[in-house]
Amino acid sequence: MTSLTVLDPGPLTTVQDFGRPGQASLGVGRSGACDRGAHRLANALVGNHPTLATLEVTFGGLVVSPDHEVLVVTSGARCEMVVEGRDGTRPAAHLAPFVVAAGERLRLGAPVAGLRTYVAVRGGLDVEPVLGSRATDLLSGLGPAVVAAGDVLPVGTTPRPLPGVDVAPAPEPTNDPLLVRVTPGPRRDWFGDDAWELLTGQGWTVGSDSNRVGVRLGGHPLPRLRDGELVSEGMLRGALQVPPSGLPVLFLSDHPVTGGYPVVAYVGEPDVDRCAQLRPGQQVRFRA
Amino acid sequence: MRILPSGTQGLLLELDSIEEVLGRYAALREADLPVLDLVPAGRTILLVADRGASLPDLAAAVRAVPPREHVRDDAPEVEVPVVYDGEDLAEAAGLLGLDAAELRRRHQDERWTVAFCGFAPGFGYLTGERYAWDVPRRATPRTRVPSGSVALAGEFTGVYPRESPGGWQLLGRALVEAFDLRRDPPALLVPGARVRFVEVGV
């Protein structure tokens with residue numbers, strides 16, 4: 001059986017798939033890849049079923065070595081990559097499947113733009129599923145542990161044919177201010193038009209305390225029309241929840257199942273993937 | 001019932017009471033709706049639409065599901081054995097104007113129902129119907145509440161499924177796992193279930 005040995009996980013690497021949908025009524029959040037489109041594309045490029053697990057590498061830095069030859073591809077945030085072999089070091093390309101031989105090392109540098117890189121291996125990562133998913137949920141603690149140096153990750157087998165793609169053209173994250181669509185959330189009426197204009201009229205700065213739970217935003221706080229507490233209610237990825245500070249948090253994959261602060265707006269589903277690539281310090285704007 | 005927008009995949013149903021939430025939740029679960037998830041909470045139910053389902057069509061389908069009254073006696077009952085040796089037993093009793101023995105008696109005598117889950121996998125929020133249970137959270141939350149703690153806060157009681165920070169008043173500890181991955185479903189206390197707490201000696 002093939003496996004990957006992790007020599008260095010970088011700042012944060014987790015195993016991810018599409019998560020655990022349908023269990024929120026038991027307090028189990030969905031979790032899964034933060035940039036689902038990039039995860040899906042990585043799997044497709046090595047002929048994996050979309051539900052197989054990939055590595056979500058946050059800000060590069062991953063070094064892995066297989067014990068048998070593997071076909072690998074990266075998607076999402078583009079990193080400088082090299083494969084270190086017995087006969088020297090060669091560069092590896094983003095969004096283009098390549099072979100890593102037994103004992104060679106794949107090394108990811110820091111991404112040039114974007115935050116999360118997905119590494120798919122043909123066959124998928126065959127770690128033990130928990131409640132139907134191999135995703136690590138950093139909020140609830142469900143799923144495999146965070147990837148650490150010395151981990152040996154089993155690789156599955158796949159019967160699917162290869163797509164025969166050399167390089168996949170795909171839109172990539174940039175460091176420019178990001179513009180995404182928002183629609184009014186369930187508690188839009190807790191905020192006045194002045195707050196809505198602040199939400200959609202200013203550039204928000206991504207905080208360094210952002211994580212898989214949410215993107216924390218800095219800017220002019222949103223005033224509320226009403227005080228008082230909200231009875232906790234269910235929310236989804238893409239929710240812009242406004243705590244008493246008035247500074248919204250954009251929920252990503254490991255968000256809590258329910259929350260007690262009003263959701264003023266939602267970022268639509270395809271755009272949440274793009275928000276998952278925002279780096280600390282980067283600007284994001286919301287367009288109604 | 002109000003239906004509020006929740007992004008490209010969700011609708012939030014807003015209702016007037018926990019009883020109404022429980023009744024609607026039971027009715028919606030049995031209706032054949034294109035939903036990935038139904039998430040009950042204190043006054044709301046979040047519907048997560050299947051990929052490709054139309055939200056306006058889903059809203060219309062939800063409105064067509066006849067509301068149902070929550071019938072407590074139809075629900076399955078779970079018995080939770082408890083040792084009432086919690087650190088806040090006396091303080092919580094004082095806040096309710098009771099002594100510790102009466103608080104223990106009422107906690108066991110109460111007809112509890114799991115209204116919803118949240119906070120952590122398998123953490124059920126249980127509501128009663130016989131007694132008034134309005135207890136404030138602790139002013140300073142504990143950084144470490146042991147797994148299995150039976151606790152009280154607001155109108156709810158609950159069992160901590162694992163060690164975590166928490167601000168609820170601790171009454172004792174349950175001698176069953178509230179969340180066990182080896183069980184199907186792993187959560188012991190699921191929305192709608194009836195719960196009875198039973199004191200056991202140590």
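Letters A, B, ... are given to chains in the order of the sequence lines, protein chains preceding strands, and every chain is numbered from 1.
Counting only distance, with no hydrogens or angles, the side chain of B:R162 and the backbone of A:S140 share a donor-acceptor pair below 3.5 Å.
With a 4.5 Å cut-off on non-hydrogen atoms, A:V130 touches chain B through its side chain but not through its backbone. If you measure heavy-atom distances from B:P5 to chain A, the contacts under 4.5 Å come from both the backbone and the side chain. When heavy atoms are compared at a cutoff of 4.5 Å, A:R237 does not approach chain B at all. For A:R188, no part lies under 4.5 angstrom from a heavy atom of chain B. A:D137 does not touch chain B: none of its heavy atoms, backbone or side chain, sits under 4.5 Å away. For a residue to count as touching a neighbouring chain, one of its non-hydrogen atoms must lie under 4.5 Å from one of that chain's; by this rule A:A239 does not touch chain B. Within the 4.5 angstrom heavy-atom criterion, only side-chain atoms of B:P186, from C-beta onward, approach chain A.
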**OP:** Show the numbers, then the answer: is there a side chain to side chain contact (heavy atoms under 4.5 Å, CB included) between B:L4 and A:R187?
**Re:** CA-CA 8 Å; B:L4 304 169; A:R187 303 300 165 189; 3.8 Å; yes
**OP:** Evaluate the side chain to side chain contact (heavy atoms under 4.5 Å, CB included) criterion for residues B:S6 and A:Y266: first the C-alpha distance (whole Å), next the side-chain angles of each, then the deciding distance (0.1 Å), finally the verdict.
**Re:** CA-CA 7 Å; B:S6 279; A:Y266 263 90; 3.7 Å; yes
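With respect to chain A, the highest number of heavy-atom pairs below 4.5 Å among B:L189, B:V190, B:L181 belongs to B:L181. Across A:L131, A:V267, A:V263, the residue that shares the most heavy-atom pairs under 4.5 angstrom with chain B is A:L131. Of all the listed residues (A:V257, A:L26, A:L139), the one sharing the greatest number of non-hydrogen pairs under 4.5 Å with chain B is A:L26.
Rounded to the nearest 0.5 Å, atoms CG (A:L230) and OG1 (B:T44) are 8.0 Å apart. Separating the CG atom in B:D37 from the CZ atom in A:R30 is a distance of 9.5 Å, to the nearest 0.5 Å. With rounding to the nearest 0.5 Å, the separation of CD in A:E233 from CG in B:L12 is 5.0 Å. Here OG1 of A:T258 is found 5.5 Å from OH of B:Y125. Values are rounded to the nearest 0.5 Å.
For the pair A:T183 and B:G7, the tightest heavy-atom approach, listed with the atom from each and the gap, is OG1-CA, 4.2 Å.
Annotation: side chain of B:F119 is not in contact with side chain of A:P256 (no heavy-atom distance under 4.5 Å). Residues B:P40 and A:S25 form a side-chain contact, since some pair of their non-hydrogen atoms from C-beta on lies under 4.5 Å apart.
Around CZ of B:R105, the count of heavy atoms belonging to other residues, nucleotides or ligands within 6.0 Å exceeds 12. Counting heavy atoms of neighbouring residues, nucleotides and ligands inside a 6.0 Å radius, atom CZ of B:R29 does not exceed 12 of them. For A:Q202, the CD atom counts as densely surrounded, since its 6.0 Å shell holds more than 12 non-hydrogen atoms of other residues, nucleotides or ligands.
Between B:R51 and A:E269 no salt bridge is recorded (no basic side-chain N to carboxylate O distance below 4.0 Å).
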